Amino acid sequence: MSKNLVIVESPAKAKTIEKYLGKDFTVKSSFGHIRDLAKGDGAIDIEKGYLPNYIISPDKKKIVTELKKLAKGADMVWLASDEDREGEAISWHLSEVLKLKASNTKRIVFHEITKTAILNAIENPRDIDENLVNAQQARRVLDRLVGFQLSPVLWRKVKPSLSAGRVQSVAVRLIVEREKEVQAFTTSSSFKVQGLFEASKKGIKGDLSKRPATVEEANAFLESCKGANFSVGKINVTPAKRSSAAPFTTSTLQQEASRKLGYNVSKTMLLAQRLYENGHITYMRTDSVNLSEFARDNAKGSIVKEYGQEYSKPRNYTTKSGSAQEAHEAIRPTSFDVSAAGADDGQKRLYQLIWKRAIASQMSDAQLERTTIDIVNDKNSDVFKAKGEVIKFDGFLKVYLEGTDDEDEEDESGLLPRVSEGEQLGVLEISATQRYTRPPARYTEASLVKRLEELGIGRPSTYAPTISTVQKRGYVVKDEIEGKKRDFDLLVLKNDEVSKVTNSENYGADKNKMHPSDIGKVVTEFLIQHFGEIMDYGFTAFVEKEFDEIADGMKNLSEMIDTFYNPFHKDV
DNA sequence: CAGTGAGCGAGCTTCCGCTTGACTT
């Protein structure tokens, strides 16, 4: 029997850490939480200050028995769950269930699985932070009270087996309200005027600054250009730079895998799990954009070797998310020297995305030159603008460019021919195309995750399950929405003649987007009406602040829950 | 008398967050 028992949350982590610590240490995993609130209404004794009644989760009985045995035989037990609210609670539950004594129990934490970090943690143990544990218990109790009191109201008033909760109900609300905006949207149209000019046999495309609102105005403008002489007005050249994005967190990985690979969030997480288990990437449920020193050095080496010194720009990113707990590193390859990994095509593509994003995050800015050429004429005072962008130094763009959710037509800015101010230009044609405004985009799974994260709602481990719950309950569906046809006018001025045609286009088609079912709308409407506080987008942020106060020892659990629960229970 | 169907009552659903297998299909 080994002298030291170290307990972490994840078995893959345990394996790595065991290698760093040597023979005297046995490293085991608790597989996450080992205890949870009991099933029914008796789980929380409200009279006794919301005293929670915990039971060992059925699927954890075996591991708990094993850990008990190992703990008994060990001289020292090191509780090494994550350094966040949930992790602290896991350590506390372990110490309760395994009946650990303070004299031979130590709590250690680290934010990265590197040898230095682990050894450093062993050197600097601490005690379990009971305030932080209480904050977790408050979180757990509040979620249970909300979920298990609201859901039965829905069974009685709407339909059996429905559910409501702090996270899922707000997620559905986002989708319901977005759909309302889509339905209420009134489209208008205007004309996009584009001129195709010519300078010494090379074409220049310029867009008119103003957009005529009606076909008459568009026509009038084209008429006013008849016989016009076009020439180059002001030329504006500005240097610009573009910086790489931070390495992936769970939420940004889900978004980018959705945009670039077309994976839904559960597929992304499943593939990432496999890559993690096989040691190819770091932990995939994280809200941190931080890279370990080891990783930054490793990336630098790879970049210098592969692309050259001038492509390397080591740096640290800081999180923008207020709710981040940063118990782990960002998602990155375990070794930057390995540019391909994975057991199947899906894993390989996801690995490559992770590798590129992480390595680009340590690469130089791209240096650009943006050019705007004004094109003026002698018949009216309107100005066409031709825009071009030239990459002077590609930097991180050599490996990676972040995708966007924006569906609007991208400006095709590229190389512009060399011209000088005052130079006469030929005109090939000027067109005016009727363009309609578009309603806000419906959420994809990934863009919903993005919105939830911005609101501080949910955690990396729950984004994918939440998305599947709201669909399983039938609140939200992901059907294909068929497009409709509509006409648009196209006016062209060519050889001093204006011609007009009416073409038709499809619009409004949507697939893989989330929209609410009738049940989703009814339930959301009902909950907003009677439980406005919980349905408020700021509710989670508000209670998080209170949890923080508990964690800081400024407030106690029963006080905090009391102020919420009493009015809430009355409403129920 | 066997088979069918209406009507009734009992028991169940449900939260969020931390982890993977162990199950089906």
Side-chain angles (χ1 to χ4, degrees), chain A residues 7-15 28-41 43-44 52 54 56-64 67 80-94 133 135-172 250 269-270 272-274 276-278 283-287 323 325 327-328 452 456-470 472-475 523 527 531 534 539-540 543-544 547 568 572:
Chain A
I7 304 175
V8 296
E9 293 183 35
S10 148
K13 226 189 232 184
K15 251 180 24 195
K28 285 284 166 186
S29 139
S30 72
F31 293 80
H33 275 293
I34 52 161
R35 285 205 301 189
D36 193 15
L37 291 175
K39 261 187 166 177
D41 288 336
I44 298 167
Y54 295 110
I56 312 247
S57 313
D59 57 330
K60 299 294 166 54
K61 289 223 160 101
K62 229 176 103 184
I63 186 70
V64 167
L67 289 174
S81 49
D82 298 345
E83 186 172 34
D84 55 22
R85 204 163 59 203
E86 298 296 327
E88 204 65 19
I90 288 174
S91 277
W92 176 75
H93 282 299
L94 281 167
V133 174
Q136 191 276 345
Q137 299 199 85
R139 199 279 304 154
R140 183 68 192 90
V141 164
L142 181 119
D143 281 336
R144 169 60 66 87
L145 289 172
V146 170
F148 276 36
Q149 299 210 4
L150 277 189
S151 300
V153 176
L154 296 180
W155 305 342
R156 288 195 299 271
K157 297 282 180 191
V158 188
K159 199 178 115 173
S161 300
L162 291 178
S163 64
R166 174 177 59 84
V167 172
Q168 59 169 285
S169 297
V170 178
V172 177
T250 301
M269 293 313 284
L270 188 76
Q273 178 81 30
R274 297 284 166 265
Y276 166 69
E277 285 166 2
N278 290 311
Y283 197 55
M284 64 283 151
R285 287 183 281 267
T286 176
D287 51 21
S323 58
Q325 306 197 6
H328 309 272
L452 288 172
I457 298 170
R459 303 278 313 132
S461 67
T462 60
Y463 295 140
T466 300
I467 298 285
S468 86
T469 298
V470 298
K472 224 186 306 175
R473 298 275 177 275
Y475 292 145
V523 166
L527 290 174
F531 302 97
I534 288 159
F539 179 66
T540 289
V543 291
E544 281 289 338
F547 297 149
F568 168 71
V572 172

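All of these numbers come straight from a predicted model, not from anything done at the bench. Just so we're on the same page: letters track the sequence lines, and every chain starts at 1.
Rounded to an integer number of Å, the gap from A/I56 CD1 to B/dT19 C1' is 15 Å. One can place OH of A/Y475 at 9 Å from C1' of B/dT14, the figure rounded to the nearest angstrom. A/L67 has its CG atom 16 Å from the P atom of B/dT19, to the nearest Å. Rounded to whole angstrom, the span from the NZ atom of A/K159 across to the P atom of B/dT14 amounts to 12 Å.
Stem regions annotated for DNA chain B: none, counting only runs of 3 or more consecutive pairs of Watson-Crick or G-U type with both contacts under 3.5 Å.
In this structure, A/Y475 contributes its side chain and A/S163 its backbone to a donor-acceptor pair below 3.5 Å. The closest donor-acceptor contact from the side chain of A/K28 to the backbone of A/L67 lies at 3.5 Å or more, if one exists at all. With hydrogens and angles disregarded, a donor-acceptor distance shorter than 3.5 Å links the side chain of A/S468 to the backbone of A/P465. Panel note: side chain A/T466, backbone A/T462; a donor-acceptor pair is recorded below 3.5 Å.
Applying the side-chain contact (heavy atoms from CB on, under 4.5 Å) criterion to A/E86, with sequence neighbours excluded, gives A/H33, A/D84, A/Q136, A/R139. Checked against side-chain contact (heavy atoms from CB on, under 4.5 Å), A/Y283 has the following partners two or more places apart in sequence or in another chain: A/Y276, A/R285, A/H328. A/D36 is linked by a side-chain contact (heavy atoms from CB on, under 4.5 Å) to A/S57, A/R140, counting only residues two or more places apart in sequence or in another chain.
A/L162 comes within 4.0 angstrom of sugar-phosphate atoms only, judged by non-hydrogen atoms across all strands, and of no base.
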Listing time: all N or O pairs from protein to nucleotides 15-17 of chain B that are below 3.5 Å?
{"residue": "B/dC15", "atom": "OP1", "partner": "A/S163", "partner atom": "OG", "Å": "3.2"}
{"residue": "B/dC15", "atom": "OP1", "partner": "A/Q168", "partner atom": "NE2", "Å": "2.6"}
{"residue": "B/dC15", "atom": "OP1", "partner": "A/R473", "partner atom": "NH2", "Å": "3.2"}
{"residue": "B/dC15", "atom": "O2", "partner": "A/R140", "partner atom": "NH1", "Å": "3.0"}
{"residue": "B/dC15", "atom": "O2", "partner": "A/R144", "partner atom": "N", "Å": "3.4"}
{"residue": "B/dC15", "atom": "O2", "partner": "A/R144", "partner atom": "NE", "Å": "3.4"}
{"residue": "B/dC15", "atom": "N3", "partner": "A/R140", "partner atom": "NH2", "Å": "3.0"}
{"residue": "B/dC15", "atom": "N3", "partner": "A/R144", "partner atom": "NE", "Å": "3.2"}
{"residue": "B/dC15", "atom": "N3", "partner": "A/R144", "partner atom": "NH2", "Å": "3.4"}
{"residue": "B/dC15", "atom": "N4", "partner": "A/R144", "partner atom": "NH2", "Å": "3.4"}
{"residue": "B/dC16", "atom": "OP1", "partner": "A/V167", "partner atom": "N", "Å": "2.9"}
{"residue": "B/dC16", "atom": "OP1", "partner": "A/Q168", "partner atom": "N", "Å": "2.9"}
{"residue": "B/dC16", "atom": "OP2", "partner": "A/Q168", "partner atom": "NE2", "Å": "3.2"}
{"residue": "B/dC16", "atom": "O4'", "partner": "A/D143", "partner atom": "OD2", "Å": "3.2"}
{"residue": "B/dC16", "atom": "O3'", "partner": "A/R166", "partner atom": "NH2", "Å": "2.9"}
{"residue": "B/dC16", "atom": "O2", "partner": "A/R139", "partner atom": "NH1", "Å": "2.8"}
{"residue": "B/dC16", "atom": "N3", "partner": "A/R140", "partner atom": "NH2", "Å": "3.4"}
{"residue": "B/dG17", "atom": "OP1", "partner": "A/R166", "partner atom": "NH2", "Å": "2.9"}
{"residue": "B/dG17", "atom": "OP2", "partner": "A/T462", "partner atom": "OG1", "Å": "3.0"}
{"residue": "B/dG17", "atom": "O4'", "partner": "A/R139", "partner atom": "NH2", "Å": "3.3"}

Enumerate the protein-to-nucleotides 20-24 of chain B contacts in which both atoms are nitrogen or oxygen and the separation is below 3.5 Å.
{"residue": "B/dT20", "atom": "OP1", "partner": "A/S10", "partner atom": "OG", "Å": "2.4"}
{"residue": "B/dT20", "atom": "OP2", "partner": "A/Q273", "partner atom": "NE2", "Å": "3.2"}
{"residue": "B/dT20", "atom": "OP2", "partner": "A/R285", "partner atom": "NH2", "Å": "2.7"}

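Lacking a ring centre under 5.5 Å from that of the base six-membered ring together with a plane angle below 30°, A/W155 does not count as stacked on B/dT14.
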